Amino acid sequence: MALMLGTRTEGHGQNKTRERETDHLETPVVFFPLSHLAAAMHMIVIMSDLFEPLFTDAAAREFAAGDLLFRAGDPVVSMILLRAGRADLVRHTDHGLKMILQRAGPGQTLAEASAWSDTYHCDAVAAESCVAALLPRHVFVARLRSDPDLAELWARNLARAVQAARLRAEIRSLPRVADRLDAWLGEGHNLPEKGRLQEVAAELGVTREALYRELSRRRSEKHA
């Protein structure tokens, strides 16, 4: 599936959309194949599984839903691989929006680029109860340096993560909540139960209220 959006100019007056956080007067042409995002995420999961041997002797720690694994500004001490559950990388914008930068599940590493960073640039929150393997960063880096094949595999993993992040950013650059939701659903996602819709809003980079209004509009049109 591909999505293409041409440049458009919004009209002025009473009918002008109220979604200011996601509507712009002029939008450049955006073209990207959404199927590539699903493929990139699939490859990230496959490649992350291959790094499990790196963490065989890592200390395990349990986190309850809502717990912070680390906070933005904390020093990077360990590399983290999830053994169970799910954790999200979260950033809060100056406008009060919560944005999810990564959703990591079992077998996936969290905040891969932190191996070469002194501090974290976002928060990591347990989206549900999870078990994380923590390996000292210096040990992780030393093991990569001692194994060129593993280092190359890690580089490919990072490249896939960058591709997925860029495509997610493209979705968030779409001007309307409706466009973002259509693109997100086009990846093969399904809407969760109402109590978890705020997670979808964070994925789309919109407010929870904006997403609720869009879903309400769609329900009204469906039953009209």
Side-chain angles (χ1 to χ4, degrees), residues 37-38 40-93 96-115 117 119-141 143 154 157-158 160-161 164-165 168 171-172 181 184-185 187-209 211-212 215:
L37 178 54
M41 296 304 295
H42 179 64
M43 285 301 299
I44 288 171
V45 173
I46 292 175
M47 297 179 76
S48 295
D49 288 341
L50 299 177
F51 299 118
E52 176 69 30
L54 273 171
F55 291 83
T56 53
D57 56 349
R61 182 176 173 187
E62 296 183 2
F63 296 88
D67 283 354
L68 280 170
L69 281 73
F70 55 78
R71 191 186 299 274
D74 286 351
V76 179
V77 177
S78 303
M79 295 299 294
I80 300 174
L81 180 137
L82 290 185
R83 296 201 185 280
R86 184 166 56 86
D88 298 333
L89 288 188
V90 177
R91 181 172 295 167
H92 298 275
T93 71
L97 287 177
K98 172 186 173 182
M99 300 188 68
I100 294 178
L101 306 181
Q102 181 193 9
R103 312 204 92 153
Q108 290 184 270
T109 51
L110 191 63
E112 302 99 326
S114 61
S117 178
T119 59
Y120 293 108
H121 298 104
C122 52
D123 299 339
V125 183
E128 58 189 48
S129 58
C130 62
V131 178
L134 283 68
L135 183 70
R137 184 179 68 157
H138 71 276
V139 174
F140 178 86
V141 173
R143 289 178 179 176
W154 182 253
N157 186 56
L158 291 179
R160 293 286 183 179
R168 186 178 288 116
I171 290 178
R172 290 173 178 165
L181 181 57
W184 185 81
L185 292 171
E187 296 177 35
H189 293 295
N190 294 309
L191 289 171
E193 60 272 17
K194 190 173 181 180
R196 295 182 57 190
L197 285 176
Q198 67 272 13
E199 297 178 12
V200 179
E203 282 272 359
L204 301 180
V206 302
T207 63
R208 179 176 56 185
E209 293 75 17
L211 178 60
Y212 286 169
L215 292 174

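We use all heavy atoms of the structure for the numbers below, so side chains are in, but hydrogens, waters and symmetry mates are not. Here the structure is a predicted model, which means the values were calculated and not measured.
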* Just how far is it from atom CD of E112 to atom CZ of R160, taken to the nearest 0.5 Å? -> 13.5 Å
* Structure fact -> Nearest heavy-atom approach of F70 to L89 is CZ-CD2, 3.6 Å
* Heavy-atom pair of closest approach, residues Y120 and S78 -> OH-O, 3.1 Å
* Asked: Would you find a donor on one side and an acceptor on the other, under 3.5 Å apart, between the side chain of R143 and the backbone of F55?
  -> no
* Asked: Given side chains that start at C-beta, do those of V77 and P136 come closer than 4.5 Å, heavy atoms only?
  -> no
* Heavy-atom pair of closest approach, residues A127 and A65 -> O-CB, 4.3 Å
* Asked: Do D123 and D88 come close enough that some side-chain heavy atom pair is under 4.5 Å?
  -> no
* Determine whether V139 and D57 make a side-chain contact, defined as any pair of heavy atoms from C-beta on separated by less than 4.5 Å. => no
* Hey, are the side chains of H121 and R91 touching, using non-hydrogen atoms and a 4.5 Å cut-off? -> yes
* Asked: Can you tell me if Q102 uses its side chain to pair, donor with acceptor, with the backbone of L110 under 3.5 Å?
  -> no
* **Within-4.5 Å side-chain heavy-atom neighbours: T109 and W154** => yes
* To do: Kindly give the heavy-atom pair with the smallest separation between W184 and L204, and that separation in Å.
  => CB-CD2, 3.5 Å
* To do: Could you tell me whether the side chain of R83 and the main chain of A60 form a donor-acceptor pair under 3.5 Å?
  => no
* CD of E62: more than 12 outside heavy atoms within 6.0 angstrom? -> no
* Asked: Taking side chain as C-beta onward, heavy atoms only, is L54 less than 4.5 Å from L81?
  -> no
* Asked: SG/C122 to CZ/R71 distance, rounded to the nearest 0.5 angstrom?
  -> 12.5 Å
* To do: Check whether any side-chain heavy atom of M79 sits under 4.5 Å from a side-chain heavy atom of S114, and report yes or no.
  => yes
* To do: Flag yes if more than 12 heavy atoms outside R86 fall under 6.0 Å of its CZ atom; otherwise flag no.
  => yes
* Compare all side-chain heavy atoms of V206 with those of L181 and state whether any distance is below 4.5 angstrom. => no
* Asked: Looking at A84 and P106, what are the two nearest heavy atoms and their distance?
  -> CA-CG, 4.1 Å
* Asked: What distance separates R172 CZ from I100 CD1, expressed to the nearest 0.5 Å?
  -> 7.5 Å
* Exercise: identify the closest heavy-atom pair between A132 and L69 -> CB-CD2, 4.4 Å
